[in-house]
There are 2 protein chains.
Amino acid sequence: MSATTPTPSPAAEAEWLHLDRQICFSLHAASRAFNGVYRVILKDLGLTYPQYLVMLVLWEQGDLPVKKLGEHLRLDSGTLSPLLKRLEAAGLVHRERSTRDERSVEVRLTEQGAALREQALEVPRRIVSATGFDVDEIRALKARLDQLTGTLDSAALEDGSC
Amino acid sequence: MSATTPTPSPAAEAEWLHLDRQICFSLHAASRAFNGVYRVILKDLGLTYPQYLVMLVLWEQGDLPVKKLGEHLRLDSGTLSPLLKRLEAAGLVHRERSTRDERSVEVRLTEQGAALREQALEVPRRIVSATGFDVDEIRALKARLDQLTGTLDSAALEDGSC
DNA sequence: GGTCATTTAGTTGTGTGCAATTGAATTGTG
DNA sequence: CACAATTCAATTGCACACAACTAAATGACC
């Protein structure tokens with residue numbers, strides 16, 4: 001229990017706890033608020049937020065195996081498999097075992113899925129408008145968040161005590 | 001379908017779609033990366049990230065009815081009820097119908113729940129360390145995110161077409 | 001005092017997110 | 001060729017998040 005670091009005063013640690021409450025709550029709330037705005041806007045397209053992310057990747061990258069899709073989105077098959085099933089049930093994508101490598105499943109846009117892109121074109125404008133930020137501010141925030149994600153990911157791997 | 005707004009060129013809209021893919025993915029990824037780091041660090045305490053948020057509020061504010069807890073965290077009973085049940089099963093909180101107003105349920109820290117705060121004192125330091133940011137940078141990011149959340153929430157209420 | 005709207009928790013159903021496991025297919029190695 | 005290790009998708013189990021609904025209690029109004 002007596003750590004190697006010189007223990008800070010209890011009052012100082014309590015302050016950190018208070019700060020932590022503020023920070024982690026802020027990020028958590030921002031993420032959910034964003035999700036909420038997307039939910040409203042995407043309802044017209046019949047998509048959830050994560051489903052929209054998948055469609056964005058497919059519109060941009062074309063057909064992809066589940067593995068590649070997961071790398072783009074940092075999601076594993078545990079999340080993607082049921083999500084893709086729903087997209088398939090909605091008629092937006094088609095899943096097919098690759099003939100070259102039968103472990104792999106190719107995700108292809110259907111005609112309907114490709115056509116949905118037209119309706120999605122207005123989504124970003126509405127989102128940006130909802131944030132109240134201009135494009136430069138958004139880019140700056142994105143850079144900040146990417147930096148944070150990168151550091152956090154490497155920190156999670158190390159899993160050190162401090 | 002011919003909107004009142006002067007339709008931007010398809011190429012420009014496609015660029016926005018590309019930017020949107022970058023932005024919403026960044027926030028989504030940052031949120032999950034944060035969640036992941038908390039998951040690792042909180043495992044020692046036997047708490048999930050949202051459970052930790054609840055405990056932080058209780059440590060700071062003392063006993064609260066579910067309603068107040070929900071206001072602090074912006075969560076409704078659909079999320080809090082099962083979460084609080086799990087915290088109660090873990091022996092960290094106690095739930096009791098208020099005698100003044102029997103609709104209300106008071107959430108109280110148990111002795112064990114209050115004692116857990118001691119072990120939680122080191123969490124923020126480890127989190128901040130994992131972010132690689134200094135305190136000022138974190139405060140700045142928090143301010144940014146709070147601003148974003150505020151704007152998004154009001155935008156979600158209006159639900160306008162743009 | 002009795003009726004109706006409101007407040008408050010809880011429940012149900014859907015959709016992620018992630019760890020852990022399973023099972024099939026492929027690759028590497030002797 | 002045989003056999004072990006690896007890769008990939010799917011499944012299972014658990015824990016949010018949120019919309020929609022239920023049920024009980026309270027308050028407001030006539």
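None of the values given here were measured: they were computed from a predicted structure.
- The separation between B:E88 atom CD and C:dA9 atom P is 14 Å, rounded to whole Å.
- Distance from the side chain of A:T48 is smallest for C:dT16 among the nucleotides C:dA25, C:dC18, C:dT16.
- Residues B:S31 and A:S31 have side chains that bring a donor and an acceptor to within less than 3.5 angstrom of each other.
- The shortest distance between the side-chain N/O atoms of A:R39 and the OP1/OP2 oxygens of D:dA19 is below 4.0 Å.
- Aromatic rings from B:F25 and A:H72 are positioned such that their centres are separated by 6.0 Å or more.
- The phosphate of C:dT7 has neither OP1 nor OP2 within less than 4.0 Å of any side-chain N or O from B:S104.
- Judged by atom type and distance alone, B:S81 does not reach the base of C:dA9 through any side-chain donor-acceptor pair under 3.5 Å.
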Apply ring-ring contact (aromatic ring centres under 6.0 Å, His included) to residues A:H28 and B:Y49 and explain how you reach the verdict. CA-CA 10 Å; A:H28 201 59; B:Y49 182 38; 5.1 Å; yes

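- Within the 4.0 Å cut-off from OP1 or OP2 of D:dC16, not a single side-chain nitrogen or oxygen of A:R32 is found.
- For B:R95, a side-chain nitrogen or oxygen approaches OP1 or OP2 of C:dG10 to under 4.0 Å.
- Summarising the geometry, the separation between CD on A:E96 and P on D:dC8 is reported as 19 Å, rounded to the nearest angstrom.
- Proximity of A:K85 to the phosphate of D:dT11: a side-chain N or O atom is located under 4.0 Å from OP1 or OP2.
- Within the 4.0 angstrom heavy-atom criterion, only backbone atoms of the sugar-phosphate kind lie near A:L83; the bases stay farther away.
- Look at CZ on B:R100: it is 17 Å from P on D:dA25, rounded to the nearest Å.
- Here B:R86 reaches the OP1 or OP2 of D:dC16: one of its side-chain N or O atoms lies under 4.0 Å away.
- A:L75 and A:L80 get closest at one heavy-atom pair: O-CD1, 3.9 Å.
- Using a 4.0 Å heavy-atom distance criterion, A:L75 is classed as a sugar-phosphate-only contact.
- Spacing between atom OH of B:Y38 and atom C1' of D:dC16 amounts to 17 Å, rounded to whole angstrom units.
- Sequence order on DNA chain C of the closest nucleotides to A:S77 and A:T99 puts A:S77 first from the 5' end.
- The nucleotide whose nearest atom lies closest to any side-chain atom of A:V105 is, among C:dA9, D:dA10, D:dA25, D:dA10.
- More than 12 heavy atoms of other shown residues, nucleotides or ligands fall within 6.0 angstrom of atom NZ in A:K142.
- Comparing C:dA9, C:dT6, D:dC8 against the side chain of B:K67 picks out C:dA9 as the nearest.
- Within the 4.0 Å cut-off from OP1 or OP2 of C:dG17, at least one side-chain nitrogen or oxygen of B:H28 is found.
- When distances run from any side-chain atom of B:R103 to the nucleotides D:dT26, C:dG10, D:dA10, the shortest one goes to D:dT26.
- A straight line from CG of A:L87 to C1' of D:dA9 spans 16 Å, rounded to a whole angstrom.
- Residue whose closest nucleotide on DNA chain D sits further toward the 5' end, between A:D101 and A:P82: A:D101.
- We find that CG of A:L73 is positioned 13 Å from P of D:dA9, with the value rounded to whole Å.
- In this structure, CD of A:E71 is placed 14 Å from C1' of D:dA9, rounded to the nearest angstrom.
- For B:R144 and A:F133, the positive end sits near the middle of the six-membered ring, less than 6.0 Å away and at most 45° from its axis.
- Nearest to the side chain of B:D76, among D:dC18, C:dC18, C:dA25, sits D:dC18.
- In this structure, A:P65 and B:N35 both approach DNA chain D, and ranking their closest nucleotides by distance from the 5' end singles out A:P65.
- Atom pair A:L80:CG and D:dT11:P shows a separation of 13 Å (rounding to whole Å applied).
- Taking every heavy atom of both residues into account, A:L42 and A:T48 meet most closely at CD1-O, 3.7 Å.
- Of the candidate nucleotides C:dG15, C:dA25, D:dA15, C:dG15 has the atom lying nearest to any side-chain atom of A:Q51.
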